[in-house]
Number of protein chains: 2
Amino acid sequence: MTTPQGTAARNTRQRSAVATLLSQVEGFHSAQELHAMLRDRGERVGLTTVYRTLQALADAGDIDVMRPPGGEQLFRRCSDGHHHHLVCRTCGRTVEVAGPAVESWADRVAEQHGFVDVSHTLEIFGTCRECAAGR
Amino acid sequence: MTTPQGTAARNTRQRSAVATLLSQVEGFHSAQELHAMLRDRGERVGLTTVYRTLQALADAGDIDVMRPPGGEQLFRRCSDGHHHHLVCRTCGRTVEVAGPAVESWADRVAEQHGFVDVSHTLEIFGTCRECAAGR
DNA sequence: GCGTTTTTGACAATCGTTCTCATTTTCAGA
DNA sequence: TCTGAAAATGAGAACGATTGTCAAAAACGC
């Protein structure tokens, strides 16, 4: 879908497996988790390939990448367009949130300081209702 | 200054060296960079100690930690209170920015979804005027 | 000073991720 | 359908940042 141009890009069993898995699981998962899930499903895909495929998907903008404090980066298939995430620290439940005001604020602030080619990262962490009640 | 309570915490040459260095350098630097700077100054401090000290300072809230996409975490001594950073991708120049509207927006969004104990991370990346002009 | 307790630091270990490269697969054309 | 060049795979090595280990060294209350 989001295959710009240039490098050929061939259809392989492994890529389909990763894409399919991503379309079926909820929330964010690490490359290693996804690799383990594929293994459990009986799909035979190398860890290296999982990493490569995830990176390609991320570059293409088909999946989101998040780097939580403390370790591995997490991947998730998500809706098109720019948005951010509200993530539960305990259960990992994720809510996509849009903040047009934040986008324009960030751009404006950067512009005021003479910065161009601006991007930003924003993640909100908290404890969701269920997890807060559960203890 | 921000030494709560509990564990003793002793004054050592190494900790002073790290703290002093942090108060003198500009912008964000990795633990390894800071370690190299100390070495260049003739200060003899082990890399392990640099990591430990930085972690302690970060826990105490005396320094900021940032995880840019693609690698090591960066440390910086910075002003008290909650704020965010506008960072040049090329030269590392950093501007502290405050966004009260963003803070309240994030809290409000989280609250609407039933999340409590909310925190967030926000970093803005761009190319500063000088770097944009320089090439 | 003394002794206890913390801290240090060289080194090994760990962990996520990337690289290497020989083998396998894909797919456009014959 | 067959063929072959180009792309993709994957097992394992390599890598780089960070953390653990533990004996030796420093700090500080007494």
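The chains referred to below are lettered A, B, ... by the order of the sequence lines, with proteins before strands, and numbering in each begins at 1. Only this structure's heavy atoms are used, side chains among them; waters, hydrogens and symmetry mates stay out.
Across Val87(A) and Phe115(B), no two heavy atoms sit closer than the pair C-CE2, 3.7 Å. Residues Ala110(B) and Leu86(A) approach most closely at CA-CD2, 3.8 Å, considering heavy atoms. The two atoms that bring Ala17(A) and Val45(A) nearest to each other are CB-CG2, 4.3 Å, heavy atoms only.
For the pair Arg67(B) CZ and dG16(D) C1', the computed distance is 14 Å after rounding to whole Å. Taking atom CG on Leu34(A) and atom C1' on dT17(C), their separation rounds to 15 Å, with Å as the unit. Taking atom CG of Leu74(A) as the reference point, atom P of dC15(C) lies 17 Å away to the nearest angstrom. A straight line from CG of Leu47(B) to C1' of dT7(C) spans 16 Å, rounded to a whole angstrom. Residue Asn11(B) contributes atom CG, which lies 9 Å from atom C1' of dA27(D) at whole-angstrom precision.
No side-chain donor-acceptor contact under 3.5 Å links Arg93(A) to the backbone of Thr127(A). Under the 3.5 Å distance criterion, the side-chain polar atoms of His84(B) are matched with a main-chain donor or acceptor of Leu122(B).
Judged purely by distance below 3.5 Å, without hydrogens or angles, the side chains of His82(A) and Glu103(A) pair a donor atom with an acceptor atom. Using modelled atom types, one finds a donor on one side chain and an acceptor on the other under 3.5 Å when comparing Asp64(A) with His83(A).
Interface residues of residues 36-44 of chain A facing DNA chain C, ordered by number: none; criterion, heavy-atom separation under 4.0 Å. Within residues 12-25 of chain B, the residues having any heavy atom under 4.0 Å from DNA chain C are, by residue number, Thr12(B), Arg13(B), Gln14(B), Arg15(B).
Residues that satisfy the side chain to side chain donor-acceptor pair (under 3.5 Å) test with Glu33(B), not counting sequence neighbours, are His29(B).
Nearest to the side chain of Gln32(B), among dT25(C), dT18(D), dC28(D), sits dT18(D). Here dA17(D) is the nucleotide among dC27(C), dG10(D), dA17(D) with the atom lying nearest to any side-chain atom of Glu72(B). Listed nucleotides: dT5(C), dT20(C), dT18(D). Nearest to the side chain of Arg52(A): dT20(C).
In this structure, Arg129(A) does not pair ionically with Glu111(B), as no charged nitrogen and carboxylate oxygen lie closer than 4.0 Å.
Contact between the side-chain N/O atoms of Tyr51(B) and the OP1/OP2 oxygens of dT18(D) is found at a separation under 4.0 Å.
Contact annotation for Gln73(A): backbone-only contact, meaning every heavy-atom pair under 4.0 Å involves sugar-phosphate atoms and none involves a base. When heavy atoms are screened at a 4.0 angstrom cut-off, Gln55(A) is found touching the sugar-phosphate backbone but no base atom.
If you check distances only, the side chain of Thr48(A) does reach the base of dG12(D) with a donor-acceptor pair under 3.5 Å.
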